[in-house]
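Notes follow the structure.
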Amino acid sequence: MVWLVRNDDGSPTHLSEDSTRSLPFWSTSARAQRAARIWGHGTRCIRALGRLV
């Protein structure tokens, strides 16, 4: 199981030097909740559904 953080606008991502986006995810809800608290702005922790490959 993996955890993501998101707000009403979606998941925060950054654009790398080669213009690709990466989706941050965490292996525990505690780590994802910590990221959500740090980022603020209505960001919340959610459990990812499905399988990440």
Side-chain angles (χ1 to χ4, degrees):
M1 180 180 321
V2 295
W3 298 86
L4 306 170
V5 295
R6 63 176 299 132
N7 59 23
D8 291 338
D9 295 325
S11 294
T13 62
H14 81 281
L15 196 57
S16 69
E17 290 179 14
D18 66 355
S19 298
T20 58
R21 293 203 181 271
S22 61
L23 183 62
F25 61 91
W26 293 265
S27 59
T28 67
S29 63
R31 289 179 178 176
Q33 289 171 7
R34 182 174 182 265
R37 280 194 306 275
I38 290 169
W39 291 339
H41 305 290
T43 306
R44 60 196 176 277
C45 170
I46 62 166
R47 184 179 65 159
L49 301 176
R51 183 190 299 180
L52 295 178
V53 195

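Given the structure is predicted, the values throughout are model-derived calculations rather than measurements.
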Nearest-0.5 Å distance, [atom1] of residue [X] to [atom2] of residue [Y]:
X	Y	atom1	atom2	value
R44	R6	CZ	CZ	6.5 Å
T28	Q33	OG1	CD	8.5 Å
N7	H41	CG	NE2	9.0 Å
C45	W3	SG	CH2	5.5 Å
W26	L4	CH2	CG	7.5 Å

Problem set entry | side-chain contact (heavy atoms from CB on, under 4.5 Å), paired with S11, selected from T43, I46, L23 | L23

Seminar exercise, completed: Taken in chain and number order and not counting sequence neighbours, the residues that satisfy salt bridge (charged side-chain N to carboxylate O under 4.0 Å, His left out) with R34 are none

Problem set entry | Closest heavy-atom pair and its distance - T13, P24 | CG2-CD, 4.2 Å

Exercise. Looking at side-chain heavy atoms only, is the closest gap between P12 and W39 below 4.5 Å?
Worked result: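 Sidechains of W39 and P12: in contact.
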
